[in-house]
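A note on names: the letters A, B, ... follow the listed sequences, proteins ahead of strands, and every chain is numbered from 1.
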Amino acid sequence: GAVVSQHPSRVICKSGTSVKIECRSLDFQATTMFWYRQFPKQSLMLMATSNEGSKATYEQGVEKDKFLINHASLTLSTLTVTSAHPEDSSFYICSARDPGQGVKGYTFGSGTRLTVV
Amino acid sequence: QKEVEQDPGPLSVPEGAIVSLNCTYSNSAFQYFMWYRQYSRKGPELLMYTYSSGNKEDGRFTAQVDKSSKYISLFIRDSQPSDSATYLCAMSWDNYGQNFVFGPGTRLSVLP
């Protein structure tokens with residue numbers, strides 16, 4: 001089946017620094033990728049939708065200057081948390097859509113646990 | 001009223017029990033219904049996918065959709081400790097999934 005690789009799986013950074021998370025679709029071309037945030041015991045909250053070669057679409061309340069998304073190729077999207085603060089600590093998950101599979105074509109990465117100290 | 005509601009649990013059952021997980025929703029435009037399983041510190045994985053109303057069975061798992069009641073269910077027969085996870089329902093207006101909505105998830109623990 002489709003595989004989405006997300007790295008790193010865990011990262012600890014100091015307050016004020018930036019962190020980049022990568023999401024790669026390994027065996028299909030993902031025209032659209034999604035970034036979610038998940039707090040403990042809560043559901044996935046969509047942060048933004050990125051389409052290859054265009055600017056990401058951010059959900060209401062998500063700071064686009066803080067969460068920079070780049071979708072430079074059909075297999076890679078990156079999320080950069082800029083000037084991270086402890087409140088940015090969370091579990092970040094990407095999802096890539098295989099356009100030929102409809103709603104079944106969404107494959108999630110394994111997530112990145114970000115801890116800002 | 002939230003768009004998709006789901007009892008967060010936790011739900012604890014003994015091994016071998018039949019588990020019933022449910023979601024209710026408010027928007028009658030939803031046509032596609034999915035169940036995802038998420039293990040701790042992992043991304044969700046698709047378990048079941050159903051279009052419109054009806055039942056679908058896959059091994060020990062059965063998904064039911066009742067659009068008239070805006071109610072979907074996932075049944076797990078002969079539950080195993082390895083089924084312990086968070087189960088999220090998800091729904092979409094169309095097959096492109098541009099309007100994907102997740103439920104909050106139900107934490108399930110199957111005790112040996």
Side-chain angles (χ1 to χ4, degrees), chain A residues 1-11 21-26 30-51 57 59 77 79 89-115, chain B residues 2-11 21-25 29-52 56 58 63 65 72 84-109:
Chain A
V3 178
V4 171
S5 175
Q6 185 174 342
H7 291 283
S9 58
R10 183 186 298 255
V11 59
I21 303 170
E22 289 191 350
C23 181
R24 293 180 184 272
S25 57
L26 298 186
T31 52
T32 307
M33 289 188 175
F34 305 85
W35 288 95
Y36 294 86
R37 185 172 182 175
Q38 187 175 36
F39 291 104
K41 301 181 183 180
Q42 294 189 25
S43 188
L44 302 167
M45 290 177 52
L46 180 64
M47 298 175 65
T49 302
S50 74
N51 292 294
T57 302
E59 295 299 303
S77 176
L79 167 67
S89 299
S90 188
F91 193 55
Y92 294 86
I93 306 176
C94 70
S95 172
R97 175 173 168 256
D98 183 342
Q101 298 296 317
V103 289
K104 294 183 291 183
Y106 287 84
T107 302
F108 289 83
S110 293
T112 298
R113 182 159 303 280
L114 170 63
T115 303
Chain B
K2 292 183 179 178
E3 201 158 25
V4 178
E5 303 212 34
Q6 189 176 4
D7 187 336
L11 176 63
L21 304 167
N22 312 293
C23 283
T24 58
Y25 61 95
F30 287 129
Q31 297 282 349
Y32 297 84
F33 304 91
M34 284 70 64
W35 284 95
Y36 285 83
R37 177 174 62 195
Q38 185 179 20
Y39 290 112
S40 181
R41 300 187 180 87
K42 297 292 184 183
E45 57 178 332
L46 181 64
L47 263 183
M48 301 285 286
Y49 153 79
T50 311
Y51 169 69
S52 194
K56 188 171 186 178
D58 184 1
V65 175
I72 70 171
S84 298
T86 296
Y87 291 81
L88 302 104
C89 62
M91 2 199 127
S92 177
W93 280 262
D94 55 47
N95 198 30
Y96 299 105
Q98 296 290 356
N99 299 292
F100 229 83
V101 179
F102 281 95
T106 299
R107 293 179 63 196
L108 171 67
S109 292

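- Looking at B:F102, the atoms closer than 4.5 Å to chain A (heavy atoms on both sides) sit in the backbone and in the side chain alike.
- Nearest heavy atom pair, residue A:K104 against residue B:Y49, reads CD-CD2, 3.3 Å.
- When all heavy atoms of A:V103 and B:D94 are compared, the closest pair comes out as CG1-O, 3.2 Å.
- Interatomic distance, A:S110 OG to B:E45 CD, rounded to the nearest 0.5 Å: 10.0 Å.
- For B:Y36, the part lying near chain A is the side chain, with the backbone staying farther off; criterion is any non-hydrogen pair under 4.5 Å.
- Listed here is the closest heavy atom pair of B:K42 and A:I93: O-CD1, 4.4 Å.
- Around the CZ atom of B:R107, the shell of radius 6.0 Å holds no more than 12 heavy atoms that belong to other residues, nucleotides or ligands.
- In this structure, the portion of B:Q38 lying under 4.5 Å from any heavy atom of chain A is its side chain and not its backbone.
- When heavy atoms are compared at a cutoff of 4.5 Å, B:P8 does not approach chain A at all.
- For A:Q38, the part sitting under 4.5 Å from any heavy atom of chain B is the side chain, from C-beta outward, and nothing else.
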